[in-house]
Amino acid sequence: MPTILVTGFGPFPGAAVNPTGALVRSLAHIAKPPGLKLKVATHVFETSYDAVDDELPALGKKHRPDALLMFGLATRRSKLSIETVARNSLGRAPDAIGHRPGARTIAAGMPLRQMMATPAQALLAAASAAKVPAAISRNAGNYLCNYLCWNATVLTAKRNGPRYAAFVHVPELRPGGRIDAV
C-alpha cells in the first residue's frame, strides 16, 4: 500500500501559532475515495534543527513513505508557495529552542541548490482547480522550511527513499481564517 508522510511545524519565534500543525492533523482524517488504498502518516516537527535531524530519518525508516508532503508557514506570503529548490543555506534566526546555526551552509562542499523531486505543476494545477491562490517558488528561505527541504532531497536520493518530496508554504491566516480555507 503506498504511503504518504505529511508533515508540518509547531510555533516558532515570530509565529506563536503555526497553522501547519493543525492542517497536518486534519489531513490525516480526510476521507479517501472508495477503493483508494493509501496510508497517510503525519508528523508535526518542533521548529528546531535538532528535531528535523533526529525525526526525519526515523520517520523515513518507520513509515518507508513513497512520498513526502511537507508544510510550513510563510508569514510574508499571500498564497500557497510550492517549493521546487532546496538551497544549501542557513540563516541566523534562532529556532524554537533558541539554537542559531553556526555555519552558513547546510552541507559543506555540496552544491548551492538541489532541485526537489516535486510534482510542482500537478500541485499547482490542483490548487488552481480548487480556486486556491498558489505559485511555484524557487526560494524556500533560510530557515527550518528550507532545512527540511534540503534534508528531504537527501532522503529522495537514497535507493529506498521516497520518490517525491513536496514542500508547500502556507500563508499566515488572517483573523477569522480557517485551515480548510487554505
Side-chain angles (χ1 to χ4, degrees), residues 4-30 40 42-49 51-52 56 67-101 104-106 112-153 156 162 164-182:
I4 297 176
L5 174 59
V6 183
T7 71
F9 282 107
F12 57 92
V17 176
N18 186 338
T20 66
L23 173 63
V24 166
R25 286 186 287 276
S26 70
L27 288 175
H29 303 291
I30 288 179
V40 178
T42 62
H43 183 75
V44 177
F45 290 102
E46 172 186 63
T47 308
S48 75
Y49 294 97
V52 171
L56 183 61
L68 298 171
L69 178 56
M70 304 164 287
F71 292 95
L73 175 63
T75 59
R76 295 184 190 128
R77 299 198 188 173
S78 61
K79 58 178 105 179
L80 293 181
S81 298
I82 301 161
E83 302 300 342
T84 58
V85 176
R87 297 179 321 133
N88 190 3
S89 177
L90 290 166
R92 302 295 302 147
D95 64 16
I97 60 172
H99 172 76
R100 276 184 211 275
R104 300 298 285 161
T105 60
I106 297 169
L112 294 177
R113 60 187 58 82
Q114 296 185 80
M115 296 301 294
M116 295 185 66
T118 299
Q121 292 300 326
L123 293 171
L124 186 62
S128 178
K131 298 188 182 346
V132 173
I136 304 276
S137 170
R138 297 179 55 83
N139 186 352
N142 288 323
Y143 196 48
L144 267 294
C145 294
N146 180 66
Y147 190 72
L148 181 58
C149 288
W150 182 272
N151 284 283
T153 65
T156 59
Y164 299 106
F167 191 97
V168 179
H169 265 120
V170 175
E172 189 169 29
L173 293 173
R174 305 293 176 237
R178 295 178 19 191
I179 287 287
D180 61 3
V182 174

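Put simply, CD1 on Ile82 and CD on Gln121 are 8.0 Å apart, with the number rounded to the nearest 0.5 Å. Going from atom CD1 of Ile136 over to atom OG1 of Thr84 covers 6.5 Å, rounded to the nearest 0.5 Å. Going from atom CD of Gln114 over to atom CD1 of Ile106 covers 9.0 Å, rounded to the nearest 0.5 Å. Going from atom CZ of Phe167 over to atom CG of Leu69 covers 10.0 Å, rounded to the nearest 0.5 Å.
Residues Gly141 and Asn146 come closest through the heavy atom pair O-CB, 3.2 Å. The minimum heavy-atom distance between Lys79 and Ala135, with the atom names listed, is CD-CB, 3.9 Å. Across every non-hydrogen atom of Ala152 and Ala165, the tightest pair is CB-CB, 3.9 Å. Here the closest heavy-atom approach between residue Cys149 and residue Ala140 is recorded as SG-CB, 4.1 Å. The minimum heavy-atom distance between Pro101 and Ala93, with the atom names listed, is CD-O, 4.1 Å. Considering all non-hydrogen atoms of both residues, Leu123 and Ala166 come closest at CD1-CB, 3.7 Å.
In this structure, the side-chain contact (heavy atoms from CB on, under 4.5 Å) partners of Thr42, at least two apart in sequence or on a different chain, are Val6, Val24, Ala28, Val40. Listed by chain and number, the residues in a ring-ring contact (aromatic ring centres under 6.0 Å, His included) with Tyr143 are Phe12 (sequence neighbours excluded).
Within 6.0 Å of CZ on Arg92 lie more than 12 heavy atoms contributed by other residues, nucleotides or ligands.
In this structure, Ser89 contributes its side chain and Thr105 its backbone to no donor-acceptor pair below 3.5 Å. Judged by distance alone, the side chain of Arg77 and the main-chain N or O of Val170 form no donor-acceptor pair under 3.5 Å. No donor-acceptor pair closer than 3.5 Å links the side chain of Thr153 to the backbone N or O of Met116. One N or O on the side chain of Asn18 and one on the backbone of Gly10 form a donor-acceptor pair closer than 3.5 Å.
Contact of the Val85 side chain with the Met115 side chain is registered, since non-hydrogen atoms from C-beta on lie closer than 4.5 Å. Two residues are said to be in side-chain contact when any heavy atoms from C-beta on lie closer than 4.5 Å; Pro171 and Leu80 meet this criterion. Residues Trp150 and Leu90 fail the side-chain proximity criterion, which asks for heavy atoms closer than 4.5 Å. Annotation: side chain of Leu144 is in contact with side chain of Asp95 (closest heavy-atom distance under 4.5 Å). Residues Thr118 and Glu83 have side chains not in contact (no heavy-atom distance under 4.5 Å, counting atoms from C-beta outward). Counting only heavy atoms from C-beta outward, the side chains of Glu172 and Leu73 approach each other to under 4.5 Å.
Among Val44, Leu148, Leu68, the single residue meeting the side-chain contact (heavy atoms from CB on, under 4.5 Å) criterion with Thr7 is Leu148.
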Notebook entry, point to check: After noting the C-alpha distance and the side-chain angles of His169 and Cys145, does the key distance pass the side-chain contact (heavy atoms from CB on, under 4.5 Å) rule?
Noted result: CA-CA 8 Å; His169 265 120; Cys145 294; 3.2 Å; yes

Next item on the list: Could you go through the side-chain contact (heavy atoms from CB on, under 4.5 Å) check for Arg87 and Asn139 one step at a time?
Entry: CA-CA 8 Å; Arg87 297 179 321 133; Asn139 186 352; 3.3 Å; yes

